[in-house]
Amino acid sequence: MLGAMHMAVFLVTAVLAAIPAYYCLRRTDEGRARGAVAYLSGFLFGIAAFLLLPTRDLLLSQSALLAAVGGPVLGIMRARYMRKRRARLKQRQRDLRALRARQGALGAR
């Protein structure tokens, strides 16, 4: 039962830490310090989640702190993956439009 409790505390803290980091990087396109701001906001949310969870056991506290540190990294990785995916879809649409325009120009000759 102790293992399930560790996993629950870890997941709750990691998800709460990953959400602000994900939205900081997913919604903005500019800025040099986006990654740092995203990580710090996620870390602060993770620490807040750690403080709000009733963890009296030292091992539960350690797993919550580990999730507060690692959660923003997961949010950042997910946001960057989604941005690259969106860019690939846009490029694919541009390529299809160019191909159709080329085929239409060849058919008009």
Mark yes when over 12 heavy atoms from residues, nucleotides or ligands other than Y39 sit less than 6.0 Å from its OH; otherwise mark no.
-> yes
Nearest heavy-atom neighbours spanning P72 and A67 | CD-O, 4.2 Å
What's the shortest heavy-atom distance between G42 and P20, and which atoms?
-> CA-CG, 3.8 Å
Between G46 and A17 the two heavy atoms that sit nearest each other are CA-CB, 3.8 Å
Identify the two heavy atoms, one from I76 and one from G35, that lie closest to each other, and give their separation to 0.1 Å.
-> CD1-O, 4.0 Å
Same cluster (ILVMFWY, side-chain, under 4.5 Å), F45 and V73 = no
The reported gap from CD1 in I19 to CG in L74 (rounded to nearest 0.5 angstrom) is 12.0 Å
List in chain and number order the residues that pass side-chain contact (heavy atoms from CB on, under 4.5 Å) with F50, two or more places apart in sequence or in another chain; answer none if no residue qualifies.
-> T55, S61, A64, L65
Distance col, row S63:OG vs L58:CG, nearest 0.5 angstrom, shows 10.0 Å
Please check if L89 and Y81 belong to a single hydrophobic cluster, counting links between Ile, Leu, Val, Met, Phe, Trp and Tyr side chain heavy atoms closer than 4.5 Å.
-> no
The reported gap from CD1 in I47 to CG in L40 (rounded to nearest 0.5 angstrom) is 11.5 Å
Hey, quick one: are V37 and Y23 part of the same hydrophobic cluster, counting side-chain heavy atoms closer than 4.5 Å, chains of contacts allowed?
-> no
Supply the atom-to-atom distance R88 CZ to Q93 CD, rounded to the nearest 0.5 angstrom.
-> 13.5 Å
Would L44 end up clustered with F10 when hydrophobic side chains under 4.5 Å apart are linked, directly or stepwise?
-> no
Should the heavy atoms of other residues, nucleotides or ligands under 6.0 Å from CZ of R92 be counted, would the total exceed 12?
-> no
Is there any side chain to side chain donor-acceptor pair (under 3.5 Å) pair reaching into residues 7-22, and which pairs are they, with sequence neighbours excluded?
-> Y22-R26
Using the rule that two of Ile, Leu, Val, Met, Phe, Trp, Tyr join whenever any of their side-chain heavy atoms come within less than 4.5 Å, decide whether F43 and L25 are in one cluster.
-> yes
By side-chain contact (heavy atoms from CB on, under 4.5 Å), Q91 pairs with (sequence neighbours left out) R94, D95
